[in-house]
Every structure is written in structure tokens, then in C-alpha cells.
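All values below come from the heavy atoms of this structure, side chains included, with hydrogens, waters and symmetry mates left out. Letters A, B, ... are given to chains in the order of the sequence lines, protein chains preceding strands, and every chain is numbered from 1.
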Amino acid sequence: MSQAAQPTPEFSSFVEEMKWRGFFEQCTDEENLTQLMADETVTAYIGFDPTADSLHVGSLVPIMGLVHLQAYGHKPIAIVGGATAMVGDPSGKTELRKMATLETIEENLAGVKAQLSHFIRFGDGPSDGLMLNNADWLRQWGYIDFLRDVGRHFSVNQMLTRDSVKSRLETGLSFIEFNYMILQAYDFMVLNRDYGCRLQMGGNDQWGNICSGIDLSRRVNRNEVYGLTYPLIMTASGEKMGKTAAGAVWLDAQRTSPYDFFQYWINVDDRDVSRFLRLYTRLPKAEIEQLEALTGADIRDAKKALARAVTTTVHGAEATADAEKAAAALFSGNTDASTVPSSERPAADFAAPGLGLLDALVAAGLQKSKGEARRMIRQGAVRVAGEVVKDESRALTAADFDEGRIVLQVGKKRHHHILVIP
RNA sequence: GGGGGGGUUCCCGAGUGGCCAAAGGGAACAGACUGUAAAUCUGUCGUCUACGACUUCGGAGGUUCGAAUCCUCCCCCCCCCA
């Protein structure tokens, strides 16, 4: 759970640590920001999009950004874009995003906040985090009033020069998306005015939006505020973070089990380990450098440290231990299979003709369809109790019980145990 | 409002009456090799009651023995003109 992270004395400043950890892409005024953060408690914010009721690993970088910030005694604000999610940010997208409805956004907000509280200490203290919904200050506006009070500060000429807009000029973007920048700038201005927020962080695709907010704060509030962006994180193979065959890797245990979550980190590309240790864990610099020095098969130890650290933050120590234990049982010959992913099934299902293996594989979530399951069998990828199955019409019967469970495996990495209950 | 181009299986992108479940590439998955990595080679990659059947090519109709391919209407996107 969220322990208020402690300051790390290994770095001279927040910005230094961000640089070392790979969060630093560009900053509007590094020198003055560093000075400001040395002198006083700075309130900073990052926006999250409540497009689902759970965050996924793609959001871990911004989350960790806030975590580090709080560790240095500053005050993090997480904005959930209730209003802006209804619009859709064009940055980095190639086409119009589906617009979420009010109700789903409300639901998603709650889920996201619960997850963030695993990372950030919320509360009323000076460096306690805040969670705000920009719908609270955006929704009340009427169009004419907003145009007159806010819109007049924006130059279309300048907006057109922002990369986020420029890149979309080719493929086209709707007016509603074009306005996203204005809304985000307005968020920053309001946070600056009402919460004393001085810094906005975000992915580098947010640079233009952040700069717009800085301009607006200067004009309206006459305050100097700052922006800092982190790089957009891709895996070594050029994929977005958190994509697997099964879909996104979620922080919600219901959507992605702690076991699968743990395995995701174990299976990262060698080339990503160092970068990910820095970005996604709060392990001390010295320890990370030690892990980075590992070569060959020993890199797995670094991956374990990575998986352990991230899973512990997201799912807690107990779930992490279980996941690790299951992994040991499946991959390292440990005999304790009690935490291996499993499902229950009454013994009666295996009577007489037995339960079709194809159906069992699909039911266990190891395969998406029976056709796919059939192909896997043809390719010799399916094992029951460690034995390769070649017969597509194979049925599971009582003969397959082994101490009350049936051990299924597809490929090398996908395992599932059916627990037989009376 | 006028003119032009376009919407294809996860993505990109061929196909313009049967030889199309639909080329090619990417991603992904599996096998071999390995370190639960990468690279490489091989295979797979719509669903099913599976040597056959069924459903797909923006949506709805129609022509035809037969359509992703032709016609009609509708929706959406891009470009040029007004």
C-alpha cells in the first residue's frame, strides 16, 4: 500500500533524480524550476484520462512521476479529466477517439482514484496528494462565456503550430478535438489560481498543451509556472507499454491477475530491464546499478527484482509472494502449486465421456476459441499433466486427476490448473 | 452546396463478378534453439457439431447460377472548389 515515499538522498534534487530515472524529456525552465523546488513545496499535477475504470501499465510512468514528486516533499495533484475525456485528446492519436459518457466517467473516476491511492498519499497535509475532476470547473461554463473569458487568450495561429495539432492537419481533426488544448490549458490555469499549482508534468506529446497552460497562467494569473515532460515509453520491440496477446496489462487485479502482472515484468525484453527498473521502481540508485551490471542469464535476477518491486506496489506483498511462488512452481520445479492460476470444477463434469479438452482450454481462459485450441494441439503446444496431447478429441476424465487437480499447459508460459471439487 | 478519392479480416495494405476466408508486410501465437530474454529458422493466424458447413470485406436493399468486387439508398473519412 501507499507508504509515503521517503526522500532519496542519492540525488541533489527532484529534477536530478527524474533525469537519472529517465523521466526527463524537456523542461520549460529547468534552472528556475530546480531553484523553486529547492526553496519551497511545489504543487504539481498530471492529468489522467478516465477512459476505463482501471489504469494500465501505460499509466505507470505518470504515476511514478507523482510518487517521486511527493517523495521530495512536494504536493501532487492527479487530475482526472472527467470533462476532457468527453472531448478526446488528439495528441498522439490518429483518429477521433470515442467520447465517453458522463456516467461511465463517474464510475471510472472512483476506480482510478482507488488505484492511485496505492501509490500516492492523499489527504490534507501540505504534501498530501489531491485528486480532482476537471468537470468540476469546466462543466459549469456556457459556450459564450467561455469563449469570451478564456477563448480570447488563444491565438489560432499559435495553436496551429503545435505539433499535436499540426500532425493531425494531414488526417484531419474535429473542432471538438482542436479545443482540447484550450481545456487543458484552462485546467492548469485554474489549478494555479485555486491550488497554487506551479508545475504540470506529462508525456512529451502533451508539450504543446502544457505550454499553452503556461501561457494562459501567465496572462490571467500573472504567474510563472513550469512544465516538464517525460518521454513516451515504448518497449525495445517498438510496442506501446503493456500490450500482450491477452490485451492491456491492467493495474486492476480483476482484469489482470497479480500472477499475470508479475509475469509481464518477468518477460520484458532484456534491453528494457535497465530502463524499466529506473522508471517503474523506487529502488535505490546503487541497487539498480548493481542489477544493471548483470549479464547473460543473470539478467533474470534483475527482472525478478523489477517484477517484485512493481507488483508489490500495485498488488501488495502477499499477492506478489503468491505470484512468485506460482512462477517458481511452474518454471523452477518448485512443488508448491497452491498459488498457480486455477479454476474449480465439480468432479461430475469429468464423468463418463469426460470433459472435452478443447472446451476445458477455452473455459480456463487458455485459449480464445476452440478452433485456436485445436490448432495449438496440432502444433504440439498443449499438455495435460506434462504430457503433450496430440488428439484433438481428447477428453478429460477422472484418470487425469492428480491430487485433486488437472494440470493444463499451453505453450511454455500459459498454465492453468483445474481444481476438482466434489 | 459542387467535384474527386476512400471505408477490406488485430494494424498497414492488395483485391474491382467465380480460381477469395480473401495477396503481401507487421503484430501475435506455437515448434526448434535458449535464460520464462533477444535473434534466427519452421509453422499457424474467422467460427464451428471440422477432409465439410457457416459467418465476414462501412450499413440496408437489389441484379446474378454466383458479389469484397455490379446497381440503389444511407452513414463516416480525406482532398479540391463554393
Per-nt protein contacts along nucleotides 34-40 of chain B (heavy atom under 4.0 Å; B base, S backbone sugar-phosphate only, - none) come out as BBBBS--
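- A/E344 is linked by a side-chain contact (heavy atoms from CB on, under 4.5 Å) to A/L419, A/I421, counting only residues two or more places apart in sequence or in another chain.
- On a pure distance criterion of 3.5 Å, no polar donor-acceptor pair joins the side chain of A/Q379 and the base of B/G31.
- The partner of B/A50, taking Watson-Crick or G-U wobble pairs whose two distances both stay under 3.5 Å, does not exist in any strand shown.
- Distance check on atom C1': B/G18 versus B/C70 gives 14 Å, rounded to whole Å.
- The side-chain contact (heavy atoms from CB on, under 4.5 Å) search around A/R275 returns A/I233, A/D272, A/L279, not counting sequence neighbours.
- Across all strands shown, B/A67 forms no Watson-Crick or G-U wobble pair with both distances under 3.5 Å.
- Base pairing of B/A23: no nucleotide in any strand meets the Watson-Crick or G-U wobble criterion (both distances under 3.5 Å).
- Between B/A30 and A/R414, a contact under 4.0 Å exists linking OP1 or OP2 to a side-chain N or O.
- Scored by the side-chain contact (heavy atoms from CB on, under 4.5 Å) test, A/R375 finds A/E372, A/R378, A/Q379 as partners (sequence neighbours excluded).
- Residue pairs meeting the salt bridge (charged side-chain N to carboxylate O under 4.0 Å, His left out) criterion with at least one partner in residues 297-307 of chain A, sequence neighbours excluded, are A/D270-A/K303.
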Anything under 3.5 Å between a protein N or O and an N or O of nucleotides 50-53 of chain B, put it in a table, one pair a line.
from  : atom 1 : to     : atom 2 : distance (Å)
B/A50 : N7     : A/R374 : NH2    : 2.9
B/A50 : N6     : A/R374 : NE     : 2.7
B/A50 : N6     : A/R374 : NH2    : 3.1
B/A50 : N1     : A/R374 : NE     : 3.1

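- Checking B/G1 for Watson-Crick or G-U wobble geometry (two distances, each under 3.5 Å) identifies B/C81 as its partner.
- Each ring-ring contact (aromatic ring centres under 6.0 Å, His included) pair with one or both residues in residues 350-382 of chain A, not counting sequence neighbours, appears once here: A/F350-A/F401.
- Comparing B/U9 with B/G1, their P atoms are spaced 30 Å from each other, to the whole Å.
- Residue pairs meeting the salt bridge (charged side-chain N to carboxylate O under 4.0 Å, His left out) criterion with at least one member in residues 348-358 of chain A, sequence neighbours excluded: A/R345-A/D349.
- No side-chain donor-acceptor contact under 3.5 Å links A/R219 and A/H153.
- Residues meeting the side-chain contact (heavy atoms from CB on, under 4.5 Å) test with A/A253, sequence neighbours left out: A/P258, A/H315.
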